[in-house]
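Worksheet: one structure, shown below.
None of these values were measured; they are calculated from a predicted model. Chain A is the first sequence line, chain B the second, and so forth, proteins listed ahead of strands; every chain is numbered from 1.
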Amino acid sequence: MLDFLGNLERTNMCGELRAADSGKQVVLMGWVNRRRDHGNLIFLDLRDRTGIAQVVLDHDLIPDGHAKGEQVRPEYVVAAVGKVRLRDKDAINPKMPTGEIEIEATELRVLNDARLAPFSPSEEAIQNEEVRLKYRYIDLRRPEMQRSFKLRHDITLAIRESLSKQGFLEIETPILTKSTPEGARDFLVPSRVHSGEFYALPQSPQIFKQILMISGFDRYFQIARCFRDEDLRADRQLEFTQVDLEMSFPKQETVFGVVEQFMKAGFAAAGIDLPIPFPRITYDESMRQFGTDKPDLRLPGLIDARPAFTDDTLATLQIDPALPVVALRIPGVGELSRKEREDNHPLFDQKKGAKFIDDFKRLAKGFPEAAARVRELAGAADADFVIVVAGDPAHHIKASDTKFPGRLSEREINVYAAAGNFRAELAKKYADRHGAFKVTDEVVQNAAARGISERNGASEPIDGSKAFNPMWLIDFPMFEFDLAAAKWMPAHHPFTAPIEADMANLKSDPASVRANCYDLAMNGLELGSGSIRIHRKDVQQQIFASLGISDEEARARFGFFLDALEYGTPPHGGIALGLDRIAMLLAGASNLREVIAFPKTAKAIDLMAEAPTPVSEQQLKELHIRVAAKS
RNA sequence: GGGGACGUAGCUCAGUUGGUUAGAGCGCUGCCCUGUCACGGCAGAGGUCGCGGGUUCGAGCCCCGUCGUCCCCGCCA
């Protein structure tokens with residue numbers, strides 16, 4: 001039999017009671033985490049989002065309550081009325097924050113029962129994703145999840161406060177809108193009123209925030225939901241949240257300063273001190289050193305191994321002498337068997353026109369000096385695993401061979417990228433052996449263990465400089481050459497301004513033009529990117545022209561925006577940072593699902609809500625839509 | 001679209017070279033227990049080995065296909 005709540009009012013949360021509360025009359029409400037039945041004495045662990053408190057049901061004191069306690073099962077929802085009392089010395093549980101006290105119950109009300117769940121929130125073992133996602137409401141009850149979402153809340157709040165203090169206004173922009181210039185696939189929403197016409201969900205508030213600058217709001221921000229219909233990854237969901245901001249009259253430096261302030265505040269809310277300013281690296285340099293534009297500085301970068309090889313050696317090894325020869329080093333992996341090495345081969349992206357040498361014993365047999373020199377250049381200890389990545393002359397991929405002064409060619413980038421990707425994958429695989437990621441985990445756990453969520457960052461944050469490595473990436477190329485289309489394509493959205501000094505080369509040497517844009521990377525993740533925008537109509541037209549976007553196309557896609565540009569547009573620029581990714585890093589998670597309450601699977605399914613689904617004929621008819629057979 | 005890993009009890013997993021009736025821990029059910037806190041004790045229930053097909057005297061194990069989950073490439077900043 002279930003009880004009514006009646007006029008009971010909760011007086012305290014389960015996790016907040018301490019020895020100092022002893023003697024207090026309290027009413028606790030929550031879920032039964034565990035029940036320990038000793039016959040005439042029953043212990044209930046009562047759980048809510050703040051923690052767990054032990055409730056004692058003594059048959060001699062409350063026979064009724066004790067009888068109810070016998071019926072209670074895990075995840076039943078109960079109210080316990082009683083007195084806080086100190087436990088006997090030998091009954092104190094030092095593992096629990098509330099371990100010095102317990103509730104001597106005078107009444108127990110069973111507010112609701114619960115079916116046996118497929119897993120228990122109190123279980124330590126991590127459940128399989130399928131079950132966790134299907135029963136997300138159970139999964140979210142796990143203390144770890146509750147902690148992550150409290151953390152995300154604290155971070156978001158701190159960022160909001162910081163931006164507000166820095167003069168930014170939070171303004172909402174439409175969800176039902178028009179295709180934005182980000183370049184991903186749009187989610188389309190059919191219009192009932194306008195047959196055959198569609199809204200698009202925003203891939204970002206890009207155009208609207210620029211218009212807000214034209215509107216004179218000076219500084220705008222938004223915790224904005226964005227939608228992109230692309231395949232998912234560990235760090236990519238269909239919908240995600242950006243800390244989006246835009247400001248008038250900024251230099252790059254101005255934007256960096258604003259971001260560094262709110263990042264520092266956000267990290268402080270998680271109990272971690274993030275040193276500012278963040279270091280900077282150019283795109284080309286990042287590709288050379290890490291083979292990626294989102295470097296992870298916790299592991300050694302790529303090493304130029306070209307000096308270890310003579311031209312003859314390269315010829316024998318069938319390595320392109322004109323392309324980079326780099327070594328990557330994963331510390332502490334130890335020697336791998338032939339089988340183990342082969343198991344790693346699928347991690348290497350074959351399509352980039354690069355090859356690798358991971359069998360150093362064999363290399364040393366043919367070319368002992370080269371093998372030794374590579375390890376020396378790489379600074380490799382005995383236990384370090386070293387791989388050489390280089391250009392494959394036999395593999396002719398479609399890529400621009402053209403070398404522009406001071407810039408990397410596409411083929412060079414491909415070799416670096418193949419190495420960088422291999423490095424990242426191997427680093428993930430051998431995380432236990434090199435231990436470089438453990439530092440991060442420890443800092444995160446320390447911060448969490450010190451009860452950050454309760455304190456709201458009141459005490460000294462933990463030094464995060466070893467665990468979190470932010471890095472500004474600058475000097476991106478403005479254009480990429482698309483061989484298939486035989487034209488220059490924007491590397492960013494078409495409102496990104498070129499660096500003023502490079503504008504003279506727009507026509508003569510597009511490859512040398514740098515974009516006035518920037519990325520923020522941290523621990524192998526892209527946290528965000530932004531740019532100084534084009535604010536002059538003539539420059540915008542020039543860029544469209546060099547991108548091969550016709551006037552008609554520009555008008556059709558962004559006509560209203562081009563109009564707005566003509567009515568007094570201030571110089572402006574901004575950035576957007578992935579809030580989910582920031583929360584993920586600070587939660588010590590390696591997947592966005594851990595910090596998104598109701599995420600989708602890699603195949604874009606919501607296993608709990610069971611979306612997407614077909615819709616009724618009636619709905620389709622209203623929307624003037626007919627579904628074609630699967631092709 | 002492509003590559004890789006995984007799929008055995010509610011959960012976590014073991015299962016030898018293809019061989020009788022598929023196991024363990026946790027959880028669950030019943031009974032017992034007044035100081036446990038991952039309580040303990042006794043007893044018990046629980047399986048279409050993801051699904052379909054094939055090879056074989058015989059398949060959890062081998063082969064083909066398919067579905068699902070995860071990671072990666074493509075795609076996406």
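- Within 4.0 Å (heavy atoms only), A:A91 reaches at least one base atom of the nucleic acid.
- Ring stacking holds between A:F43 and B:U36, with the centres under 5.5 Å apart and the planes within 30 degrees of each other.
- Heavy atoms of A:R87 sit under 4.0 angstrom from at least one base atom.
- The aromatic rings of A:F43 and A:H38 lie perpendicular to each other, with more than 60° between the two planes, well past the 30° mark.
- Within the shown strands, nothing qualifies as a pairing partner of B:U36 under the Watson-Crick or G-U definition with both distances less than 3.5 Å.
- Among the heavy atoms of the strands lying under 4.0 Å from A:R593 are primed sugar atoms or P, OP1, OP2 only; no base atom is included.
- Using P as the reference atom, B:G23 and B:G46 are 13 Å apart when rounded to the nearest Å.
- The pairing partner recorded for B:U66 is B:G50, the criterion being a Watson-Crick or G-U wobble arrangement whose two distances lie under 3.5 angstrom.
- Of all heavy-atom pairs spanning A:V84 and A:D21, the tightest one is CB-O, 3.5 Å.
- Of the nucleotides present, none pairs with B:U16 by Watson-Crick or G-U wobble criteria with both distances under 3.5 Å.
- Distance from the side chain of A:L116 is smallest to B:C28 among B:G35, B:C28, B:G74.
- A distance of about 38 Å separates the C1' atoms of B:G44 and B:U56, rounded to the whole Å.
- Between A:R35 and B:C39 there is no side-chain polar atom (N or O) within less than 4.0 angstrom of OP1 or OP2.
- What separates CZ of A:R233 from P of B:C72 is a distance of 6 Å, to the nearest Å.
- The residue A:N128 sits close only to the backbone: its heavy atoms come under 4.0 Å of sugar-phosphate atoms, none of a base.
- Spacing of C1' atoms, B:G7 relative to B:A45, comes out at 25 Å, to the nearest Å.
- In plain terms, the two heavy atoms of A:P205 and A:T173 that are nearest each other are CB-OG1, 3.5 Å.
- A close approach under 4.0 Å does occur between a side-chain nitrogen or oxygen of A:R36 and OP1 or OP2 of B:C39.
- Distances shown here put a side-chain N or O of A:R34 below 4.0 Å from the OP1 or OP2 atom of B:C39.
- A:T601 comes within 4.0 angstrom of sugar-phosphate atoms only, judged by non-hydrogen atoms across all strands, and of no base.
- When atom types are taken as modelled, the side chain of A:D186 and the backbone of A:L188 share no donor-acceptor pair closer than 3.5 angstrom.
- The side chain of A:P74 lies closest to B:C28 when the candidates are B:U69, B:C75, B:C28.
- Residue contacts for A:Q54: at a heavy-atom cut-off of 4.0 Å it reaches a base atom on one of the strands shown.
- Backbone-only contact: A:G183 has heavy atoms under 4.0 Å from sugar-phosphate atoms and none from a base.
- Using atom C1' as the reference point in both B:A38 and B:U12, the two lie 14 Å apart (nearest Å).
- Counting non-hydrogen atoms under 4.0 angstrom, A:R581 reaches nothing in the nucleic acid.
- Within the 4.0 angstrom heavy-atom criterion, only backbone atoms of the sugar-phosphate kind lie near A:R228; the bases stay farther away.
- When each of B:C11, B:G68, B:G35 is scored by its nearest atom to the side-chain atoms of A:E123, the top-ranked nucleotide is B:C11.
- In this structure, A:K428 reaches the B:C72 phosphate: one of its side-chain N or O atoms is under 4.0 Å from OP1 or OP2.
- Within the nucleic acid shown, A:N421 comes within 4.0 Å of sugar-phosphate atoms alone, with no base atom in reach, counting heavy atoms only.
- Contact annotation for A:K95: backbone-only contact, meaning every heavy-atom pair under 4.0 Å involves sugar-phosphate atoms and none involves a base.
- Comparing the same atom, P, in B:G27 and in B:G68 gives a spacing of 34 Å after rounding to whole Å.
- The residue A:D229 sits apart from the nucleic acid: no heavy atom pair falls under 4.0 Å.
- The phosphate of B:G74 (OP1 or OP2) has a side-chain N or O of A:K352 nearer than 4.0 angstrom.
- Remark: B:C26 base-pairs with B:G10. Criterion, Watson-Crick or G-U wobble with two distances under 3.5 Å.
- A:F561 and A:F495 have tilted rings, their planes meeting at an angle from 30° to 60° on a 0 to 90° scale.
- In this structure, A:D48 contributes its side chain and A:C14 its backbone to a donor-acceptor pair below 3.5 Å.
- Nearest to the side-chain atoms of A:D231 among the listed nucleotides B:A38, B:G68, B:G74 stands B:G74.
- Nucleotides B:G30 and B:G18 are separated by 44 Å at their P atoms, to the nearest Å.
- Across all strands, A:E102 comes closer than 4.0 Å to base atoms (heavy-atom distances).
- B:G65 and B:C70 are spaced 23 Å apart, taking the P atom of each and rounding to whole Å.
- Remark: ring of A:H38 stacked against base of B:C39; centroid gap under 5.5 Å, plane tilt under 30°.
- An OP1 or OP2 oxygen of B:G27 is reached within less than 4.0 angstrom by no side-chain nitrogen or oxygen of A:S120.
- A pairwise comparison of heavy atoms in A:P498 and A:I534 identifies CD-CG1, 4.4 Å as the closest pair.
- Note on A:D349: only backbone sugar-phosphate atoms sit closer than 4.0 angstrom, heavy atoms only; bases stay farther off.
- A:T98 and A:L17 get closest at one heavy-atom pair: CG2-O, 3.5 Å.
- Remark: the separation of the C1' atoms in B:A24 and B:U66 is 32 Å, to the nearest Å.
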